[in-house]
2 protein chains.
Amino acid sequence: MVQNLIEHINSITPLTEEEEGIVAELVREKTLARKQFLHRAREVAQYSAFVVEGCLRSYAVDRNGFEHILQFAPANWWISDMYSFVKNKPSELNIDALLETKVLLLSRSCQVSIFDRIPKLERYFRILTENALAASNHRTINYLSLPAKVRYEKFCTMYPTLINTIPQKSVASYIGITPEFLSKLRAEF
Amino acid sequence: MVQNLIEHINSITPLTEEEEGIVAELVREKTLARKQFLHRAREVAQYSAFVVEGCLRSYAVDRNGFEHILQFAPANWWISDMYSFVKNKPSELNIDALLETKVLLLSRSCQVSIFDRIPKLERYFRILTENALAASNHRTINYLSLPAKVRYEKFCTMYPTLINTIPQKSVASYIGITPEFLSKLRAEF
DNA sequence: TTCAATTCTTAATCTAGATTAAAAAAAAAT
DNA sequence: ATTTTTTTTTAATCTAGATTAAGAATTGAA
């Protein structure tokens, strides 16, 4: 399990064997059943999770009880409630498993304390966060400027694997439409 | 001018006087007239800009020629096309000045090269990027779950200063509605 | 100042996507 | 295997917000 994470870090900032050992000590393995929560709204997010296998999602629930998906995390992705994790404040997101999922958990205090010992890890997370911000910006622009049909097409080419793994209504939630309307779009091929 | 940036960095990761001197060497001052471009779509973003005075905006232009604002940068904010800046690829955003604006420019190569000499700066940018990602996530959730009227109200409380400085149609563009519809919303108090 | 260019407002009309409801299909659980 | 739960589809109706158009108000340039 930890080997997956080590390889991911090595692909961005190669570590020495000693550093790899330290990383292995930092994280905790956990297996989540389908629909099991990793984090609930109103609590403070203690952990950031690296998905080894399976898929998680983060989402907010609005006033009317509708879910809105912020992020999917398939294998080799990190997921957390960044706001809550960083500011140590309760927040509005839930994180749960779309399928049975194996994760590695890293607490914020562990993460921050390791940055002084292994600056490479601060670089690793700095780069991941830059990439995540670029992706988030891209999503915002898509949302502002493209109609639902095009957003759906883009989603399909961007996440070809997810399309066949997750329920269609989750895709609808992510691209910001109702499942009924997505069904209608798909009917027009 | 540089003093504004130094103070901002010191508020997050305090620097020694020597380090402050190095930072001062890294950046280049520039003044932009109203409507002047800092960066144009299809070019590679060479610089990230720290706004000392005035206000910049980044925006995309869609197929129909409509502008969609991604970010406002008033004093003490950084702005760039993160995707282009980080990946060194041409991208889809324009950055220009809403008013006469003074900025400090930092090139990506300068930025990256300084991280080894002054790890505090890598921390500074890591923290800024984390905050920006948390804010961007929040915006996405707002988009997915709130009607236009509420998004406008939130914008007003979030950016009380901007409301009186920038044209109303820019607010509409940022919250994702037409200026006509914003005008209608405002008419209902 | 005055003139030209933007920006803002109002109002009528239109449409992408929401809502509601019900049945069909698929997936989980027992 | 059967039942229960969840997901997907279809279709009718509705609405938030877009579009179009034109005049009024601001702003900026000369």
Side-chain angles (χ1 to χ4, degrees), chain A residues 32-37 54-55 57 59 61-69 72 94 96-101 142-156 162-189, chain B residues 32-37 54-55 57 59 61-69 72 94 96-101 142-156 162-189:
Chain A
L32 296 164
R34 198 175 105 88
K35 297 202 174 178
Q36 192 182 339
F37 282 87
C55 188
R57 62 166 185 162
Y59 64 98
V61 179
D62 71 23
R63 301 155 186 209
N64 308 312
F66 290 105
E67 297 176 355
H68 303 278
I69 296 181
F72 294 108
N94 298 283
D96 67 9
L98 287 169
L99 349 156
E100 176 164 302
T101 300
N142 277 350
Y143 207 82
L144 292 175
S145 59
L146 301 176
K149 189 174 186 178
V150 181
R151 297 206 303 277
Y152 175 64
E153 287 160 1
K154 286 212 168 194
F155 184 93
C156 292
L162 279 183
I163 285 291
N164 306 308
T165 354
I166 68 179
Q168 199 168 296
K169 66 168 199 165
S170 293
V171 176
S173 167
Y174 183 91
I175 66 176
I177 59 176
T178 57
E180 293 85 354
F181 188 61
L182 178 53
S183 183
K184 196 166 155 187
L185 288 179
R186 283 164 47 86
E188 320 170 352
F189 314 131
Chain B
L32 297 164
R34 197 176 104 88
K35 297 200 173 179
Q36 192 182 338
F37 282 86
C55 189
R57 62 166 184 161
Y59 64 97
V61 180
D62 72 22
R63 300 154 187 209
N64 308 312
F66 290 105
E67 296 176 357
H68 304 277
I69 297 180
F72 295 110
N94 298 283
D96 68 9
L98 287 169
L99 348 156
E100 176 165 303
T101 300
N142 276 352
Y143 240 110
L144 294 175
S145 58
L146 301 175
K149 191 174 187 177
V150 181
R151 297 206 302 276
Y152 175 64
E153 286 160 1
K154 287 212 166 194
F155 184 93
C156 292
L162 280 183
I163 286 292
N164 305 308
T165 358
I166 67 178
Q168 197 169 297
K169 65 166 198 164
S170 294
V171 176
S173 166
Y174 183 92
I175 65 176
I177 58 176
T178 57
E180 292 86 354
F181 188 62
L182 177 54
S183 184
K184 197 166 155 188
L185 288 179
R186 283 164 47 86
E188 323 169 352
F189 315 129

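Each chain gets a letter, A, B and so on, in the order its sequence line appears, and its residues count up from 1. FYI, side chains are in, hydrogens and waters are out, and symmetry mates aren't considered; it's all heavy atoms of this structure.
Atom P of nucleotide D:dT26 and atom CG of B:N164 are separated by 15 Å, given to the nearest angstrom. Between A:Y152 atom OH and D:dT8 atom P the separation is 10 Å, expressed in whole Å.
Take B:N94 and apply the side chain to side chain contact (heavy atoms under 4.5 Å, CB included) test, not counting sequence neighbours, and it matches B:F37, B:R40, B:A41, B:Y59, B:V61. A:E100 meets the side chain to side chain contact (heavy atoms under 4.5 Å, CB included) test with A:T31; sequence neighbours excluded. Judged as a side chain to side chain contact (heavy atoms under 4.5 Å, CB included), and not counting sequence neighbours, the contacts of B:P167 are B:K169, B:S170.
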Going through the checks in order, is the side-chain contact (heavy atoms from CB on, under 4.5 Å) test met by B:T101 and B:Q36?
CA-CA 9 Å; B:T101 300; B:Q36 192 182 338; over 6 Å; no
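With B:N64 contributing its side chain and B:F66 its backbone, the two residues share no donor-acceptor pair below 3.5 Å. Checking side-chain atoms of A:R151 against main-chain N and O of A:N142 turns up no donor-acceptor pair under 3.5 Å.
Nucleotides of DNA chain C lying under 4.0 Å from heavy atoms of chain B occupy a range whose first and last members, 5' to 3', are C:dT7 to C:dT10.
DNA chain D lies under 4.0 Å from at least one heavy atom of each of the following residues of residues 165-183 of chain B: B:G176, B:I177, B:T178, B:E180, B:F181.
Between A:D96 and A:K35, none of the side-chain N atoms (NZ, or NE/NH1/NH2) sits under 4.0 Å from a carboxylate O, so this pair counts as no salt bridge.
Each of B:K35 and B:K184 was assigned the nucleotide of DNA chain C with the nearest heavy atom; the assignment lying further toward the 5' end belongs to B:K35. In terms of position along DNA chain D, the nucleotide closest to B:K149 lies nearer the 5' end than the nucleotide closest to the other residue of the pair B:R34 and B:K149.
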For residues 173-189 of chain B, which side-chain donor-acceptor pairs fall under 3.5 Å, sequence neighbours excluded?
unit_1 : atom_1 : unit_2 : atom_2 : d
B:S173 : OG     : B:E67  : O      : 3.1
B:S173 : OG     : B:I69  : N      : 2.9
B:T178 : OG1    : B:F181 : N      : 3.2
B:R186 : NE     : B:Q168 : OE1    : 3.2
B:R186 : NH1    : B:Y152 : OH     : 3.0
B:R186 : NH2    : B:Q168 : OE1    : 3.4
B:E188 : OE1    : B:K149 : NZ     : 3.4

